[in-house]
Amino acid sequence: MLLTVPVFNVQLFLVIQNSRSAFERVLDTPQASAAMVGVLTAIAFALRFYKINQPDQVVFDEVHFGKFASFYITREYYFDVHPPFAKLLFGLTGWFVGFDGHFTFENIGDSYTDNHVPYVGMRALPAILGSLTVPVVYAIMKETGYSTIIAAFSACIILFDNAHIAQSRLILLDATLVLFMSLTIYSYVRFRKLRYWEFTVEWWSWLIATGFFMACTWGAKVNGILTVATIGIAVLVDLWDILDHKKGFTMEHFWKHFMARAVGLIVVPFIIYLSFFYVHFAVLTRSGTGDSFMSPAFQETLIGNELLMNSQELRYFDVVTMKHKDTKVYLHSHPDHYPLQYDDGRISSQGQQVTGYGHDDINNHWQIIPTKALPEAGRGRVVRHEDVIQLLHISTQTLLLTHDVASPLMPTNQEFTTWPKDDHSRHNDTLFYLNIIDADSEDPWKSKSSYFRLVHGPTRVSMWTHSKQLPEWAFKQQEINGNKNPTEKSATWFVDQVISTESPEGLSGEQVPKEPKKISFFRKFAELQLLMLQHNAGLTSSHPYASGPINWPFLISGISFWTENDAQKQIYLIGNIVGWWTCVIALSIYVGIMGADLLARRRGIEPIPEAARGRLWNSAGFFLLIWAIHYLPFFLMSRQLFIHHYLPSHLASALLAGSVLSFILSDTVNYPISIVGRWTKLRKSEYADLGMKGPVVVGVFTFILFLMFVYMAPLTYGTPGLDGETVNAKRLLSSWTLHFAAKETAEVS
Amino acid sequence: MRPSQVQIDFGTPPGTPPRTSSEFEEIPYPVTHPSYFKTAHSYKHEESLPLHHMNEDTSTRRRVARGPGSSGGFMSGDEHESEMHYDDDGKDVYSKPSPARSRVSSGRVHRPPPPPPTSISEFISQNLEHLPPVIYTLLSCWTRFHKIGRANTVVWDEAHFGKFGSHYLKREFYFDVHPPLGKMLVGLAGLLSGYNGNFEFKSGVVYDESVPYVAMRVMMATFGVALVPLGWYTAVELGMSSWCCHLVALMVLCDVAWLAISRFILLDSMLLFFTFTTVFLLTKFHNQQYQSFSFDWWMWLVFTGISIGCVTSVKWIGLFVTAVVGLYTIEDLWEKFGDLRMTNRDQIRHWAARVLCLIILPILVYMLSFKLHFMILNHSGPGDSTMSSLFQAQLVGNDFGKNPREIAFGSKITLKGMGWGGGLLHSHVQTYPVGSGQQQVTCYHYKDDNNHWTILPTWEAPEYNPNGELQFLQDGDVIRLQHVPTTRHLHSHTVVAPVTKLNNEVSGYGNSTVGDFHDYWVVEVVDDIKQGPREHVTKIHSLTTRLRFKHQALGCYLYAANAALPHWGFKQVEVSCTKEDNPDDIHTYWNVESHWNDRLPLGDAKFYKSPFLHDFWHLNVAMMTSNNALIPDPDKEDILASTPTDWPWMRLGLRMCGWGDSQPKYYLLGTPVIWWGGTVSLIVFVIVLGIYLFRHQRKYIDMTLQQWNHFLYVGKIAGYGWFLHYFPFFIMGRVTYVHHYLPTLYFSVLMFAHLLDHFIFSARWKDSTKRVAFGICAFLIIGNFWWFRGMAWGIDGPINDHWGLLWRKTWNIYNA
């Protein structure tokens, strides 16, 4: 089958109709196209590398991603919500250019030069990736069947975009994300074009390439999942089409297609995605800032981890201190009693106070008392999951107890108090189940590494505390009470220190460093994925430059990345207003045209020629799908959002703008575009005829775009410094919050 | 026009115009065209029969046709079984032939009314079909009214709605987040049962002698009784088999949650009632499809519109069922829009009818309920301050009318922000923890002394002399506003406002002797309701003159939009100074509300009138604002609240009253079989729909086009209905409770019945099988209800003595 391809290509050339202008014919030759790519790429590199050493300071999120890169070099474990691929690339680049990882990128504005960080090399990576995005955009348009001039138009919107440039000149993840996202689109377009040559080597290659790039996109940043969703929807539509009985395919044929996509777009990407994490875990073997996010079992796999060093099994009659996991207070008691009546009139038991206390103190010491017969010695004396225990407060010799009395601050929760050790009248109320989290039965209770809940036997409340302070009578210590939900997540405690033990190993501390333990890669992977999801949803705190999705396409507000007061320099992330607004207009024209077409066809009128209409539905529709899937989900997210989350959608809207411009200029399309199969029935082939107005329109547009880019460039490159008046002039929309603006109104006082 | 049988046999008669072949193959065109209408009666028996009369054995469901040989079924048009791939230039899913070849709807053909009965037995046999619903209704009366007065205390939200009902009887203006219709009906029930409106309805308090609470509850429960026949007839109109009609009626009858919520003085029984009527009337209207613009068609359409108006006037939740009607109508009109054979005049008539009956009519009903609300509540009451000053002035018992009309220097005034939902300019001794740290100035809805301000001249001008010549305030005057309790001055400076960061902060500064020129405000008149536009305003009047206050030094305007201050500002509305001079911004408008000046004559209350539309809009915005403010408080654990994910599987119930051993206990929890069955059926429907679509794509014919349309139609009503009543709760920020799921439940019940109908009762099973299936379903529903009946009828004695109620560990029925 492969051999027949050239034959058809020859046939293609035979049916060419040459009604186009000579200029356009020249433009669409492969040589002209290659020259165009060359020029665009060269400009892209020039614009992204221009003064890349400026500023020689940490800018915006470089505090995060630079730091992560240095952790890869020092091999210290860290935690982040984004998958590791792009950060691994930064680590690799840093290592390559000789960065030793000593610099920790603490604050925006820290100097690289003073700290001898080879930052230019690290910034070169996103600059290269960002530059390569431009030819890829060109190639997508070209492969989708648009003329050279239209492809150049779309590419220029990206090429001269201030936001894309600002984002690719710094150590940030978005350049990687955008490049791999555009490569995914490109591969998928190539794959679709081969649909009449199914199961050939090329077909498989582009299918797997799509999967590969998709995995890289997702691996670069968590937003890449949207690219996966886009391709997923496109594939479902495609499969639904194959299923259509009118196409005459058998079910076996359908399942073959189905399996091919499952392999290429699920299995392959998943393996690649896994491999990023494999490398991630393989590199990060030392204890670092990310330890405390992980479960104890995970932490024990890291070299030098505190849990690994100090964790030991607990035995009955050990004296220990216990800490609350979230608020880090010790379980504490002291001889003072609860007042009989609280301010709101409720009555207490007047028992001994049990509180949460933040400091090390002799009153934090508790002894573990068994409730069953113990052997004289040996493993039988180890405390295990689901054992029933009592806790003896050492200094007052009383047992921890809770009962159905409302706690001082929360009428819904139970009061915790203590009871004299020798008074057995309330024995049952002093019994607690030890529930170690994620443990199987018979697992031993360990200091540091076992997170546990203490669930009261008779009333099933779990010991809990919250950050509210008790009044003066309890020395403003934290309230401890019984939460009615026995599986409450925040009712988690751990044993901090072992004060005395009869264990043969003795107290920890005198021990030699232990070998890190091993757990399977898949357990680590699953744990990290879950944590990433939880933390991503948890990023809800407000940020002064966060903005809602509705603002993005219109460039209502940007982000101040960096400022330098002396020279009045600043970097402000904002797009090229000409380019972005063109994209918005194109989007609305597209929706308008398609809506009108839908209504007209409903009434039996067909205003758009079939060929042009098919192109608008299929290729431009695909671009619209990419745009929508990369944009609309942000409306549902409640986490903090920034304008740079729109960059993938902006790229898609640039593609759509090209399609719309092509349609506006001419009703004709290039046909055929797909690789013709052996049995494909063909319409008469034709060429898009844009006439001379195409180059003129695009030329003028590009010139305006370029002027706007140059005008905004000082904000993008952070140099030169600007005086107040100039800043005011560059503040094109009143909603942009630029620094160093001159005061607009003279102040009276 | 469809040729008669005879004409077909003998070829085309000369009188009939020759027809094209394409037309000939059409499925009979529904009788919507006027010219068909006259002849429709003579053909009606040849039209497709109403579905629920179709003999099940003749149904072709599950008859699988393969290959082109067995055409005549679903999508058996132009099979194009080409061996070749054809170049579709991309995906061809979009370019499927879009205008429907013909509209086949599942509407029911109108049956001719039977001849009038001549004897009793004939009458009975003609109306035998109404016997079951009558029996169910009687049963429903029993379940709803049984021991209805047992709890002699104020149960749960009776505390709110009973109180609001009392306000209607006392005719005092109150404010609530819900529209007034439901509460007016509560008031009506109180009126009819002779309640005098003087009970306070404190939660958990025993009713005293004067409150006929049993009678009021019975009247509310009557709405709950009506749900059962409505369920039955809706099932009939949806074309379900009689087995399924029984099941729907049983499920509505036996759900403990619907039962429990109907037995108290709450809005939910009315909300449910109007939700049920809306669905019922919509199905009724749908079945008039074949006779557009007939009397019946208009009647059901108008009723649907009225019902929509009522349901939204009870609670805004009613907008969800309105959305169901909206979606149905949009789809219906889209179908008609594609019908190229319909005349333009008919197209326009269809559109106009929908706009008139489904948009304008409901809005009128909604507005009418507010008109009645305002007419009844003509006395001053607790809700006054949420309304505009003018509105308050016309309430009986309000003293604004006696304000001295013209404002002078030295007057003590309160200032009301005129933005929608605006409050009174307020200050209190607490200071801003951010910005300048000076005293807070806010907007506040309640009346107290902290809203009082005195108008004083500037520091430079001669000090105000209480005995000197009266100086009236005029447009352009520069004044200081002194806060009466703290003697500080309304002040603004270039400090950023705490919430609206673009504006300047407004604070209270200085005291009666200390101050500066930042305390100066220029009075700018916008207009006056009585005197007309600015040019005609000679003196500034209380209530009617709209003012703006411009900060003299900064040029900014005193501004209060609906931005709430954080905790430290007691969630009151932020007051700031906006730099933007937008003369149309209503948030910069203020009017003088109360006015005290001993030296001026009192005004006359008759002078003031507030336009209804203005009040209507003002109240709705205020309701919206406070509804959105009902957000869950993260500091407080509300054990009654639940999240939408808790509902479909009944994770949580709700204790409706105290849980003491001596009192009857009511627990709001559904009948598990009905709730779980409904939820399962929704999932099953999605799967089944997917399978049918797959099979269709592979050209397996499962149903005739008419059956398929009917399957989709009922599925859409139930599926969209459920989705639209459920999903919005996820987006809403406000706190949600179990009873928010109750209207939603109806749609899952319909879906449950629809699937049972589809797979068992209208499918090709033996009658004995169907009987057994029905027996099992009915037994489960009734048994389950009987098991849990105590939750709605009241559980006596210690709760832990009642065994077997804890079907899920998360229910807090028992005391731990």
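Predicted, not measured: the structure shown is a model, and the values here were computed from it. First the proteins, then the strands, lettered A, B, ... as listed; each starts at 1.
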Checklist line | A:Tyr545 OH: over 12 foreign heavy atoms closer than 6.0 Å | finding: yes
Checklist line | Under 4.5 Å from any heavy atom of chain A - which part of B:Ile731 | finding: neither
Margin query: For the NZ atom of B:Lys699 and the NZ atom of A:Lys246, what is their distance to the nearest 0.5 Å?
Written below: 10.5 Å
Note to self: So, using side-chain hydrogen bond (donor to acceptor under 3.5 Å, both in side chains) as the criterion, who are the partners of B:Lys550 when residues are at least two apart?
What the structure shows: none
Check: At a heavy-atom separation under 4.5 Å, does A:Thr250 approach chain B through its side chain, its backbone, both, or neither?
Finding: backbone
Next item on the list: Please look at A:Leu636 and chain B and tell me whether the side chain, the backbone, both or neither of the residue comes under 4.5 angstrom of a heavy atom of that chain.
Entry: neither
Next item on the list: Kindly indicate, with the supporting measurements, whether the criterion side-chain contact (heavy atoms from CB on, under 4.5 Å) is fulfilled by B:Gln697 and A:Lys247.
Entry: CA-CA 10 Å; B:Gln697 191 83 340; A:Lys247 295 241 164 170; over 6 Å; no
Next item on the list: With sequence neighbours excluded, tell me which residues meet side-chain hydrogen bond (donor to acceptor under 3.5 Å, both in side chains) with B:Ser436.
Entry: B:Glu505
Next item on the list: Verify side-chain contact (heavy atoms from CB on, under 4.5 Å) between A:Met251 and B:Arg698, making sure each step is shown before the conclusion.
Entry: CA-CA 9 Å; A:Met251 276 314 273; B:Arg698 296 306 295 171; 3.3 Å; yes
Margin query: Please classify the contact between B:Phe730 and chain A as side chain, backbone, both or neither, with a heavy-atom cut-off of under 4.5 Å.
Written below: neither
Notebook entry, point to check: Which atom pair, heavy atoms only, marks the closest approach of B:Phe694 to A:Trp240?
Noted result: N-CH2, 3.9 Å
Next item on the list: Locate the shortest heavy-atom distance separating B:Trp334 from A:Leu599; write the atom from each residue and the value.
Entry: CZ3-CD2, 3.5 Å
Notebook entry, point to check: Does any non-hydrogen side-chain atom of A:Arg603 lie less than 4.5 Å from one of B:Gln347?
Noted result: yes
Next item on the list: Go through the atoms of A:Ile242 and report whether side chain, backbone, both or neither lie under 4.5 Å from a heavy atom of chain B.
Entry: backbone
Check: Can you tell me how far CZ of A:Arg602 sits from NZ of B:Lys336, rounded to the nearest 0.5 angstrom?
Finding: 11.0 Å
